[in-house]
Colleague: 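Could you have a look at this structure, given as C-alpha cells, before my questions?
Counting convention: from 1, in listed order, for ligands and their atoms alike. No experiment lies behind these values; they were computed from the predicted model shown.
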Amino acid sequence: MAVMGDLALMGTKIKLIGKLEKRVFGVPLSSSPRFSVSQTRNLDVSKSRTAVRAVLQVEKIQSSGELKEGSLGFDVVSERELKENGFLGLRKTKLVCTIGPACSSLDELEKLAIAGMNVARLNMCHNSREWHQDVIWKIKKLNQEKGYCVSVMIDTEGNQIQVDHGSSSSVKAEEDSIWYFTTEKFEGSRPFTIQANYEGFSEGVNSGDEIVIDGGMATFEVIEKVGNGLRCKCTDPGLLLPRAKLSFWRDGKLLGRDYDLPTLSTKDWSDIVFGISEDIDFIAVSFVKDAEAITHLRDYLTTTSSKAIKVLAKIESLESLRRLEEIVEASDGIMIARGDLGVEIPLEQIPSVQKDITYVCRQLNKPVIVASQLLESMVEYPTPTRAEVADVSEAVRQYADALMLSGESAIGSYGMKALSVLRTTSTRMEQSCREENRQTLLHQRKLGASLPDQIAEQICNCAVEMADNLGVDAIFVYTRHGKMASLLSRNRPNPPIFAFTNDNSTQMALNLQWGVTPLLADLSDDMEGNVKKTVELIKAKGMIKKDEAILVVSDIIPISTAQTIFQSIQVKNHQSHCL
Ligand SMILES: Nc1ncnc2c1ncn2[C@@H]1O[C@H](COP(=O)(O)OP(=O)(O)OP(=O)(O)O)[C@@H](O)[C@H]1O
Ligand SMILES: CC(=O)C(=O)O
Ligand SMILES: [K+]
Ligand SMILES: [Mg+2]
C-alpha cells in the first residue's frame, strides 16, 4: 500500500506516492501511508484561468517483479560518493579545473577526476593546438574507458589589449623611472620599453592620465603621447609580468574604452572550429561586450554542430557589466572572470558585482561559475589562506553553480590539494546553508513565455517545495534537454537531483548545474516504465536504503502524443512495493 495523489493541470498529471508526513500546499496529511484522504485545493499558477486541482488518494502499487539487466549511467565518482556519503552527503557545487602543464598527464587528469573535477577548462591563450587536442583525447579516454564524467570547456583568447616587456620573467618598475609604451613590433626586449599588441591602444588617452597594470601591480602617469606610443613615469613601483593587462584612469575614474575589436578574433573562430571537431561541451567566450557575439556563435553552432554545445559568456569588462541582463539571457551560462574584471573595475567592487551577477543568473536560470584567484596562494603553498577559504565559502553561500581553479591546477604544485580544499569547503558551507534553510530567501522571476514553459517552471518550484517539506532523500528527474533538471536546480533543493537523460550532450551540460548528478539512461516514452526501471536498478546497486523516499519529476513528451505534455511529480518510498 502507498499514498498516491494526482494533481491535474491542463493535461498535466502530477503524482504523489509515498509516506507523507508533513504538509503539502498547506494541506495537513496523516503520518501513516495507510490512510485514505481525498482533498481538493485550487491554486493559481499563471495569469490565465488555469488552476491546479490536488486530489490525494490511496492506491495500491504493484509489486515490481524481476530486475532487468542494465546500467544507470552513473559515473564512477558519483557512484562512490553516493555509496560512501549517502544522498545528502553529495556535493552540490560543481568544480572546474584549468588544465595546464602541471596536470596534463593521463595520471594527473585521472587524479583530478577522482577528486571531483566536473569540468576541465582549456585556456586557448596558452600552448599549442596539439597540446590541447592531446588533453581532450585523454579526458575522453578516461570518460569512455574508466567511467568518469568530465566535461570539456574551451576558453577563447579574445581580443585583449596586452602589454609585454619582451622577457619571459617579471621585470621591476622603480619609482620615477621613465618607460615607453609602444606599438612598434620588435623581437626580444629593449630597456624601459613595453610593447602594446594593438595600434589603437592609446586612442583618447591624454597626458596626466594614469595607466594601472594588472589591477594594481604597478602604476604609471602619462607624460606625453609620441605617435601611437606613450612616454610614462612610474608613480607606484611594482612588477611587470609578461602579457600584462592595463586600464586607463582619469581624475580617479576608470576610462571606459570601447576598442573597435570583434569579441571573437580570427584565432578564436579557428579554435571554435577545432573545439567542435573535438566534440567539446562548452565554449567560454572571453571579453564579451554585448549579447550579439553570443547569439551569433549560438546560431553558428546550431547550423554546424550536431551536438548542443553550450556557450558561456565571461563577464570580465565594464561593458559586459553594463549589458549584464541581455548577455545572461542570450547565453547558456556565465563565468564571473574576476581576474580581468579586477583590471577593469576597482577591486573593492568585485564582491558586490559577484553577488549581483550570481543573483541575475539565478533569476534567469543560467548556471554561473565563480572564477579566478579562489585559492591563488596555493599556486605556491600547500595550504590556503583563511581569507581564500572565506572567499570560496561566500561563493558557495551565494549558491554559485560552480567554482573554478586557474593557475592553482594549471601550473601550481598543489592542484590536487586545492581541489580538495574546494570540495571540503563547499560541502561544509552547503550543509550550513541547509541548516539555515537559506533557499527560501531567494526570489524568482517567471521565465516561461509559453504556458507549457510556465507549467514546467511551476511544477519544479512546487516539486522542490514538496521535496524539502517532506524531507525526501533524492529527486529523480527524467529529462531530454535538461530543462526540468535546471528548473529544479534553480530552486536549490536540499536533496540531490538525479537527472536521467538519453542525450549525451544534455548529460555533459548538466555537469555544470548546482546539485545535479546527470545520468545517461535508456529512456522510453513509457514514464512508468522509466521510473520503475531506474528505481529498481538503483535499488539493486544498494544505493537506496530501506527508509529512503524519492520524489520523481518528468518532462518526457511521448512522440505519439506530442501535443499533450505529460509531466508528473511522484514521491516514492520503501512502502511502495516497487522500491
Ligand atoms: N595550457 C596551458 N599551458 C601553459 N600554461 C598555462 C595553460 N593554461 C594556463 N596556464 C598558466 O596558468 C595561469 C593561469 O591560468 P588561466 O588560464 O586561468 O589564466 P588567466 O590569465 O586568468 O585566464 P584568461 O587569459 O582567460 O584571463 C596562466 O597565467 C598560465 O601561466
Ligand atoms: C578566467 C578569466 O578569464 C579571468 O579571470 O580573467
Ligand atoms: K581566455
Ligand atoms: Mg580573463
Colleague: Does at least one non-hydrogen atom of Lys245 fall below 4.0 angstrom from an atom of ligand 1?
Modeller: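 For ligand 1, residue contact (heavy atoms, under 4.0 Å) with Lys245 is present.
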
Colleague: At under 4.0 Å between heavy atoms, is it the side chain or the backbone of Arg121 that contacts ligand 1, or both, or neither?
Modeller: side chain

Colleague: Cys125 heavy atoms, cut-off 4.0 Å: which ligand 1 atoms fall inside?
Modeller: 25 (O)

Colleague: Considering only protein heavy atoms, which is closest to atom 24 (P) of ligand 1, and at what distance to one decimal place?
Modeller: Asn123 ND2, 3.5 Å

Colleague: Determine the interplanar angle of the Trp179 and Phe192 rings, folded into 0 to 90°, and report it as parallel if under 30°, tilted if 30 to 60°, perpendicular if over 60°.
Modeller: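 Taking Phe192 first and then Trp179, their aromatic rings stand perpendicular (interplane angle over 60°).
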
Colleague: Does Asn118 reach the main-chain N or O of Asn511 with its side chain, forming a donor-acceptor pair under 3.5 Å?
Modeller: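 No; judged by distance alone, with no hydrogens or angles, the pair does not exist.
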
Colleague: Please tabulate, for the side chains in residues 367-380, all donor-acceptor contacts under 3.5 angstrom to protein atoms that are two or more places apart in sequence or on a different chain.
Modeller:
from	atom 1	to	atom 2	distance (Å)
Ser377	OG	Glu388	OE1	2.8
Ser377	OG	Glu388	OE2	3.2

Colleague: Could you count the protein N, O or S atoms found under 2.8 Å away from the Mg ion (ligand 4)?
Modeller: 2

Colleague: To the nearest 0.1 Å, how far is atom 1 (C) of ligand 2 from its closest protein heavy atom, and which atom is that?
Modeller: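 Closest protein heavy atom to atom 1 (C) of ligand 2: Ser372 OG, 3.4 Å.
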
Colleague: Among all protein non-hydrogen atoms, which one is nearest to atom 2 (C) of ligand 1, and what is the separation to 0.1 Å?
Modeller: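 Nearest protein contact, heavy atoms only, for atom 2 (C) of ligand 1 is His126 CB, 3.4 Å.
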
Colleague: Would one find an N or O of Asp155, backbone or side chain, under 3.5 Å from an N or O of ligand 2?
Modeller: no

Colleague: Using a strict 4.0 Å threshold on nitrogen-to-oxygen distance, state whether Lys307 and Asp281 make a salt bridge.
Modeller: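 Looking at Lys307 and Asp281, the cut-off is met.
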
Colleague: I'd like to know if Arg129 and Asp271 make a salt bridge, using a cut-off of under 4.0 Å between side-chain N and carboxylate O.
Modeller: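 A salt bridge links Arg129 with Asp271.
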
Colleague: Is Asp209 paired with Arg250 through a side-chain N to carboxylate O contact shorter than 4.0 Å?
Modeller: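 Looking at Asp209 together with Arg250, the answer is yes, because their closest N to O distance falls below 4.0 Å.
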
Colleague: Who's the nearest protein heavy-atom neighbour of atom 22 (O) of ligand 1, and how far?
Modeller: Ser372 OG, 4.5 Å

Colleague: One thing to verify: whether Glu436 and Arg397 come together as a salt bridge, which I'm taking to mean a side-chain N less than 4.0 angstrom from a carboxylate O.
Modeller: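 So Arg397 pairs with Glu436 through a salt bridge.
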
Colleague: Is Ala410 in contact with ligand 1, taking contact as a heavy-atom separation below 4.0 Å?
Modeller: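 It does; at least one heavy atom falls under 4.0 Å.
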
Colleague: Would you compute the distance between atom CD of Gln133 and atom OG of Ser128 and round it to the nearest 0.5 angstrom?
Modeller: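 It is 9.5 Å, given to the nearest 0.5 Å.
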
Colleague: When you compare the side chains of Thr93 and Glu430, does any donor N or O come within less than 3.5 Å of an acceptor on the partner?
Modeller: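 Yes - a donor-acceptor pair under 3.5 Å links their side chains.
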
Colleague: Rounded at 0.5 Å granularity, tell me how far NZ in Lys417 sits from CG in Leu419.
Modeller: 13.5 Å

Colleague: May I ask you to check if ligand 2 and Ser406 share an N or O to N or O distance below 3.5 Å?
Modeller: no

Colleague: Looking only at protein heavy atoms, which one is nearest to atom 31 (O) of ligand 1, and how far off is it?
Modeller: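 Ranked first by proximity to atom 31 (O) of ligand 1 is Ile411 CD1, 4.0 Å.
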
Colleague: Only heavy atoms of Lys314, strictly under 4.0 Å: list the atoms of ligand 1 that pass.
Modeller: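 Here the atoms of ligand 1 in question are 26 (O).
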
Colleague: Do you know which two heavy atoms are closest between Met416 and Ala115, and how far apart they sit?
Modeller: CE-CB, 3.7 Å

Colleague: Could you see which bit of Ile99 sits under 4.0 Å from ligand 1, with heavy atoms only: side chain, backbone, both or neither?
Modeller: backbone

Colleague: Near Glu319 CD, under 6.0 Å, is it more than 12 heavy atoms from other residues, nucleotides or ligands?
Modeller: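 Yes.
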
Colleague: Does the side chain of Ser317 pick up a donor-acceptor pair with the side chain of Asp340 at under 3.5 Å?
Modeller: no

Colleague: Among all protein non-hydrogen atoms, which one is nearest to atom 27 (O) of ligand 1, and what is the separation to 0.1 Å?
Modeller: Asp340 OD2, 2.8 Å

Colleague: Show which atoms of ligand 2 fall inside a sub-4.0 Å distance from at least one heavy-atom site of Arg121.
Modeller: 1 (C)

Colleague: State the atoms of ligand 2, each with its element, that fall below the 4.0 Å cut-off from a heavy-atom position in Lys314.
Modeller: 2 (C), 3 (O)

Colleague: If you count the atoms of ligand 1 from 1 in the order shown, which ones are under 4.0 Å from a heavy atom of Ser406?
Modeller: 18 (O)

Colleague: At less than 4.0 angstrom from any non-hydrogen atom of Asn127, what atoms of ligand 1 do you find?
Modeller: 1 (N), 2 (C), 3 (N), 4 (C)

Colleague: For the 3.5 Å polar cut-off, considering only N or O atoms, please tell me whether Leu341 and ligand 2 meet it.
Modeller: no

Colleague: Which of the atoms in ligand 2, numbered in the order shown and given with their element, are less than 4.0 Å from a heavy-atom of Ala337?
Modeller: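 Selected atoms, number and element: 1 (C), 2 (C), 3 (O), 4 (C), 5 (O), 6 (O).
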
Colleague: Is the closest side-chain donor-acceptor distance between Arg190 and Thr182 under 3.5 Å?
Modeller: no

Colleague: Need the ligand 2 atom indices (1-based, order shown) with element for anything under 4.0 Å from a heavy-atom of Arg338.
Modeller: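 It comes down to these atoms of ligand 2: 5 (O).
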
Colleague: Do the side chains of Arg80 and Asp75 get close enough for a salt bridge, i.e. N-O under 4.0 angstrom?
Modeller: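 A salt bridge is absent here (no side-chain N lies under 4.0 Å from a carboxylate O).
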
Colleague: Is it the case that the side chains of Lys289 and Thr263 hold a donor-acceptor pair, with the cut-off being a distance below 3.5 Å and no angle test?
Modeller: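 Result is no, nothing qualifies.
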
Colleague: Measure the distance from atom 4 (C) of ligand 1 to every protein heavy atom, then report the residue, atom name and distance (to 0.1 Å) of the closest one.
Modeller: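 Protein heavy atom with the smallest distance to atom 4 (C) of ligand 1: Pro101 CD, 3.3 Å.
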
Colleague: Looking only at protein heavy atoms, which one is nearest to atom 14 (C) of ligand 1, and what is the separation?
Modeller: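 Of every protein heavy atom, Gly407 N, 3.5 Å lies nearest to atom 14 (C) of ligand 1.
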
Colleague: Going by atom types only, do Asp299 and Thr302 share a side-chain donor-acceptor pair under 3.5 Å?
Modeller: no

